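One structure is given here, and the rest of the page talks about it.
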Amino acid sequence: MWKGKAKATELTEADFDDLDPVITYRHLLSHNLGVKDPLRVVALCDSDAFYAACEQVRLKVDPAIPLVVRQWDSLIAVNYPARKFGISRMDKADDALKKCPELKVVHVATYKEGEKEPGYWDKPDTKTHKVSLDHYRRESVKIYNMFKEGLPGAEIEKASIDEAFVDFTRPVREKLMERYPYLSQPPTDAPDGLDTPLPPPPPISWDGLGTVIPTTPEPTDDNNEHSSTCEDDTLATWHDVALSMAAEMMGKVRVDIHSKLGYTTSAGIGRNKFLAKLTASYRKPNSQSILRNAAIPNYLKPMPFQKIRFLGGKLGKALAEEYDVKTVGDLLTISLEEMQRKFGENSIWVYEILRGIDRSDVKEKSAITKSMLASKNLPKPIVKTSEGHHWIRVLAAELALRLNEAREASPTLWPRTIVLHIRQGYQTSRSKQAAFPFVRNVTVDIIAAAGDKLWKELVGARDGAPGSMPFKVSSVQLSFTGIESMNAAQQSIEGFFKNRGSSDAEGSNLKRKREDDTSHSMDSDQAISELPTASFTCDRCRKRIHLPEALRDISLDEDIRAEALAALRTEHSDFHLAQELSKAPDKSSGGAKFRPNTPTRKKNKQKETSGITKFFSRQ
DNA sequence: AAAGAGGAT
DNA sequence: ATATCCTCTTT
């Protein structure tokens, strides 16, 4: 074991001191050890050259054909066949074509004002079009969903458009108990009971599970025997068994993703997020690599630390310059105190990372994002308000599309604020924000109107017109922030947002909404007439009935407030109805029997529907 | 609320 | 290297 071999000149023993912890029955059987679980297993899976793969799949081209995704004159994705020609993302599209005349060049989807959907054009004009990454987002969600479905019990954190972390600890533990039932309790004669160490693990066959990173330094000249079977100098541990099980599961999903969606992925499996991420890039593309604890020191030491997540930027550079070093091994000689003195208290995080420790959690993060931003850089700065409005409309169209699409999956989503950023001249960027009203039909017009208002505050009445202050806007960004699901409301008014997007959600425009409103105005007349309160008094029980907390404090459309109130009223009267019926059970009235959870009105469609259930159901 | 920083691809 | 996107922190 490497522990014993640490040379006196190196700090390795103290540095990597938890690589082979004793694992007891208590560890195995307790469930909430979190990041301290000695059997923790985390994976990172990312899609290879994702945007390029998306286009390759979309266009059904042979994956072996060199393909790049172009954005104006530069490249934003290069698939692996194209990389063989020395093409990289830094290249200009023209240069790439020179390197490989056969190259398939796909320009990213774009759209311009008036177009409802982005489209693919050979030569879009940056003066009139903006790019859309929508297709990639959608494909990304598909992959995420395959992880969710294929890995029950695992925690999944979407890390970026093409990456997700998976915490395998729970599913691995289940598999462990299932495959080795004798682990379910310590031997009856064990002196320490639950604190007895686990028996030696069974031999592991890594066959078909991926590349196991060697425990000894990478093969150089003489040292060159590393089959992926684990005939290592280090004994396998139960953690290694855990890793192999995760590898098995991850391998299956990856194959599934490939066969169902056509994307190849690369996965890294290790004991925490940071190591998983690093391990994923060990071999690419279409690969899976496993980092055993025993392999950590030698894997980490020669690693240029600026490759490490969060050390790729400023901090990494500062460290490199301060100590004039570049590998993890170089930095291991720096004491915690020294590092903290130079780089602040927080550098304990760095100190631990260098030693393979990462306490950050894989936190279940859905594919739902907290913000949505659409932006356009203007190669030729604009000088007229009309141009500003033009671009705001384009950006608003994109946001409308994206928000409504996100609502198909999660109807309760709504953005708290809308923000407009503009850059004038060089590097001054200013912004204004405003609360975004809670509207069902988020249309281009609503967003654009909000954006225009912010523009006015930001740029003022100034215009390129003679006599007024001129301006030069070189970038416009419109975004939603604080996107949330409305869970509290959902709980208190059941089904409030249900069915949205499932039936015929597409006919959504203002006109249509008005029609709908009048169609059930019979029911809500009363409520609408006594407009903007947040509550009403029931005639029957004389009680004051309030809107749910979550709906009260937010900026609600008056329309919607009234409707919500109307729906609440209906719901409340249903309650009375239910009470009466339960006292005097219905024996008359033909076929329709009262069922507590399935009010008959739900079946009776349009006219009678007015409950809050229906509220967001169609427009 | 506004601005900025940082990071990723 | 540039355009775009996202999150978090500071003021």
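Worth saying up front: this structure is predicted, and the values here are computed from it rather than measured. Below, read A as the first sequence line, B as the second, and so on, with proteins coming before strands; counting in each chain starts at 1.
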- [ ] Report yes if a side-chain nitrogen or oxygen of A/S160 is closer than 4.0 Å to either non-bridging phosphate oxygen (OP1 or OP2) of B/dA8; otherwise report no.
- [x] no
TODO: Consider only side-chain N and O atoms of A/S132 and A/D134, and report whether a donor and an acceptor are under 3.5 Å apart.
DONE: no
Open item on the list: Does C/dC6 have its OP1 or OP2 closer than 4.0 Å to a side-chain nitrogen or oxygen of A/K158?
Closed with: no
Open item on the list: Strictly below 4.0 Å: does A/K432 bring a side-chain N or O up to OP1 or OP2 of B/dA2?
Closed with: yes
- [ ] For C/dT7, take OP1 and OP2 only and decide whether either is under 4.0 Å from a side-chain N or O of A/K370.
- [x] no
Task: A/R402 and A/E405 ion-paired at < 4.0 Å - done: no
Task: Which nucleotide in B/dT9, C/dT7, C/dA1 has an atom nearest any side-chain atom of A/M90 - done: C/dA1
Open item on the list: Taking atom CZ as the centre, does A/R83 end up with more than 12 heavy-atom neighbours from other residues, nucleotides or ligands that are less than 6.0 angstrom away?
Closed with: yes
Task: Axial cation check for A/F168 ring with A/R170, 6.0 Å and 45° limits - done: no
Open item on the list: Quick check on contacts: within residues 54-64 of chain A, what sits under 4.0 Å from DNA chain C by heavy-atom distance?
Closed with: none
Open item on the list: Starting the side chain at C-beta, find the nucleotide from C/dC6, B/dG6, B/dT9 nearest to A/S371.
Closed with: C/dC6
Polar atoms only, N or O, under 3.5 Å: list the protein pairs with nucleotides 9-11 of chain C and their distances.
none

Open item on the list: Checking side-chain polar atoms at under 3.5 Å, does A/K376 have a donor or acceptor matched by the opposite partner on A/T126?
Closed with: yes
TODO: Name all residues meeting the ring-ring contact (aromatic ring centres under 6.0 Å, His included) criterion together with A/Y51; count only those two or more places apart in sequence or in a different chain, and write none if there are none.
DONE: A/Y136
Task: A/Y120: partners by side-chain hydrogen bond (donor to acceptor under 3.5 Å, both in side chains), with sequence neighbours left out - done: A/E55, A/R58
- [ ] Consider the side chain of A/Q433, meaning its heavy atoms from C-beta on, and name the nucleotide among B/dA5, C/dT7, B/dA2 that approaches it most closely.
- [x] B/dA2
Open item on the list: Under 4.0 Å, heavy atoms only, any strand: does A/F310 hit a base, just the sugar-phosphate, or nothing?
Closed with: sugar-phosphate
Task: Below 4.0 Å: OP1/OP2 of B/dA3 and any side-chain N or O of A/S431 - done: yes
- [ ] Could you check whether A/K317 gets within reach of a base, just the sugar-phosphate, or nothing at all, counting any heavy atom under 4.0 Å?
- [x] nothing
Please write out the pairs of protein N or O atoms and N or O atoms of nucleotides 2-4 of chain C separated by less than 3.5 Å, giving the distance to one decimal.
residue, atom, partner, partner atom, Å
C/dA3, O4', A/Q71, NE2, 2.9
C/dT4, OP2, A/N377, N, 2.9

Less than 3.5 Å apart, which donor and acceptor atoms pair up between the side chains of residues 98-109 of chain A and the rest of the protein, not counting sequence neighbours?
residue, atom, partner, partner atom, Å
A/K99, NZ, A/G86, O, 2.9
A/K99, NZ, A/D91, OD1, 3.4
A/K99, NZ, A/D91, OD2, 3.0
A/H107, NE2, A/W72, N, 2.8

Open item on the list: Check the orientation of A/F343 and A/Y323. Use parallel for under 30°, tilted for 30 to 60°, and perpendicular for over 60°.
Closed with: tilted
Task: Minimum-distance nucleotide to A/R402 side chain [options: B/dG7, C/dC6, B/dT9] - done: C/dC6
